[in-house]
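Accompanying notes for the structure given below.
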Number of protein chains: 2
Amino acid sequence: MSDRSESSITSGEDGKGRIEQIAEAALRLFARYGYKRTSMDDIAREAGVARATLYLHFKGKDDVFRAMLAGLGGQVETRCREALARPGSFSERLAALMAAHHGTAFSAFSAGEHLGELKAVMVSIAGAELAAFEAIFISFARQLFEDAAAQGEIAIERSGLPLDTLIATMMRAAAGAKYGEQPSCEDYLLRLREIAAVFAAAVARDAPLRA
Amino acid sequence: MSDRSESSITSGEDGKGRIEQIAEAALRLFARYGYKRTSMDDIAREAGVARATLYLHFKGKDDVFRAMLAGLGGQVETRCREALARPGSFSERLAALMAAHHGTAFSAFSAGEHLGELKAVMVSIAGAELAAFEAIFISFARQLFEDAAAQGEIAIERSGLPLDTLIATMMRAAAGAKYGEQPSCEDYLLRLREIAAVFAAAVARDAPLRA
DNA sequence: ACGAGTTAGACGTTTTGCGTCTAACTAGAA
DNA sequence: TTCTAGTTAGACGCAAAACGTCTAACTCGT
């Protein structure tokens, strides 16, 4: 039960701290085998570390899982920032943001092989991290919509929904794209692009085609 | 402990007997997760069958594993036969035979992900099936060499080794191609082709390039 | 109604995994 | 050297999972 927040993620002894080293090993195993099939022994071996060391830094398996999720959250945030930094139309930027957010987790989890189980585990033992995960997307998406609206590129009110609802709807659509015929990673990214196109069209300034 | 050899592989109730159905489910799981991580529960669920049913047809997990191997052996035999039925030079036919034999198992086992563990399990609980596996290759390879020699296409004695030793050496070479930097399935098949080329050159009738 | 095959579920046993703990080892710092 | 922080192998007790067995009930085709 040593102090985890000491010598934490920010400290780099020889470039990578124990905690990240273990979290990354755990990510590889959870992605490949799922949560239940991965034992603490497996994680220790994958990380090249003694089993006892895991318990020096983490309270248990669920804690390792949370740390892994937090690490993944950091990655997602970075990718979202990069996606928005690049130029492009609103539609393109929205698609890039969705790919950065939803696609990162999807591809990290081995193209969704164990997504069902992992999602269930997240809900039960890592609700906070899961919420943070979604909060990242919401804040970036809101910023994107508001900037585009401020520059007159889009008109959010055209969608008939308040921004928060619009974003929440978009997230549900992205979540739905994972289910029903497990898609490959490329398929999933394509579906995300289609969703982005629809939502961009819904707020486009110029009138849409109408028969 | 019902009679397994009754209603065995050759019987096809509605096209596929329980035993094959279960063995195929087991193959999928062993390939994806390895032997240890796959439980009888998993196999039953994957096969869409009650757990008790497994024990109506098999003595235990090891028995399921053996049946799965036997099924795979049948597939390999078929593919070897097809490979030799096609026309081509000795070198090409040898390469095709090696791909059919070694490649089938390799690709079935998820590109060699769990090959180490599965091989260890084979040795410990399925020695007979493993031997049969290798015997298949030996008999086909011997036939290929002897036919080509009879038709004057190759001269086995040029290799300086008796045929049995030559084939055994070739099998060891193929086994070695799996290790050291886990290859992808295509890489592995390429390595096999290279090995076939070398062994074909070693028994080629015309004199090899010599500086 | 019969029987062969299957099923859910319970059972006792064995194995595995979890989380804790200890004594020993390794390095870098004082 | 000594001290300390971090690590390590291995043992421990407990809980959970998996194994293999068994039974009573169900579903068929005959």
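Order of the sequence lines fixes the chain letters, A, B, ..., with proteins taken first and strands second; residue numbering starts at 1 for each chain.
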Please enumerate all residues that pass ring-ring contact (aromatic ring centres under 6.0 Å, His included) together with A:Phe137, with sequence neighbours excluded.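 Here the qualifying residues are A:His101, A:His102.
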
Restricting to ring-ring contact (aromatic ring centres under 6.0 Å, His included), what partner residues turn up for B:Phe90, sequence neighbours left out? B:Phe145

Starting at the 5' end of nucleotides 15-22 of chain C, put B wherever the base has a protein heavy atom under 4.0 Å, S where only the sugar-phosphate does, and a dash everywhere else. --SBBBB-

Rounded to whole Å, please give me the gap between [atom1] in [X] and [atom2] in [N].
| X | N | atom1 | atom2 | result |
| --- | --- | --- | --- | --- |
| B:Ile43 | D:dG20 | CD1 | P | 10 Å |
| A:Arg37 | D:dA18 | CZ | P | 9 Å |
| B:Asp63 | D:dT21 | CG | P | 11 Å |
| B:Ile19 | C:dG5 | CD1 | C1' | 13 Å |
| A:Gln21 | D:dG6 | CD | P | 15 Å |
| A:Tyr35 | D:dA16 | OH | P | 14 Å |
| A:Leu56 | D:dT8 | CG | P | 9 Å |

Do side-chain atoms of [X] reach the backbone of [Y] as a donor and acceptor pair under 3.5 angstrom?
| X | Y | value |
| --- | --- | --- |
| B:Asp63 | B:Lys59 | yes |
| B:Glu153 | B:Ser89 | no |
| B:Glu46 | B:Ala26 | no |
| A:Arg66 | A:Ile125 | yes |
| B:Arg86 | B:Arg93 | no |
| A:Glu117 | A:Tyr35 | yes |

Just the atom pairs and distances: protein N or O near nucleotides 23-27 of chain C's N or O, under 3.5 Å.
none

Begin from the C-alpha positions of A:Glu194 and A:Leu190 and carry the test side-chain contact (heavy atoms from CB on, under 4.5 Å) through to its verdict. CA-CA 6 Å; A:Glu194 293 163 350; A:Leu190 172 60; 3.7 Å; yes

Can you pull out how bent the helix from C:dA1-D:dT30 to C:dA30-D:dT1 is, comparing the axes over its first five and last five pairs, to 10°?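 That helix has its two terminal axes inclined by roughly 30°.
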
Taking the side chain as every heavy atom from C-beta outward, state whether B:Leu72 and B:Phe133 have any pair of such atoms under 4.5 Å apart. yes

One pair to check against side-chain contact (heavy atoms from CB on, under 4.5 Å): B:Asp164 and B:Arg142. What are the steps and the verdict? CA-CA 8 Å; B:Asp164 287 350; B:Arg142 176 178 291 128; 2.5 Å; yes

If only side-chain N and O atoms of B:Thr53 are considered, is one of them under 4.0 Å from the OP1 or OP2 phosphate oxygen of C:dT7? yes

If only side-chain N and O atoms of A:His57 are considered, is one of them under 4.0 Å from the OP1 or OP2 phosphate oxygen of D:dG6? no

Show me the protein contacts with nucleotides 25-30 of chain D, counting only N or O atoms at under 3.5 Å.
none

N-O pairing of A:Asp187 and A:Arg191 below 4.0 Å: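 Not counted as a salt bridge, because no side-chain N and carboxylate O are separated by less than 4.0 Å.
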
Salt-bridge present (A:Arg37, B:Asp42; N to O < 4.0 Å):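 Salt bridge: yes.
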
dist B:Thr53:OG1 -> B:Ile22:CD1 (nearest 0.5 Å) comes out at 6.5 Å

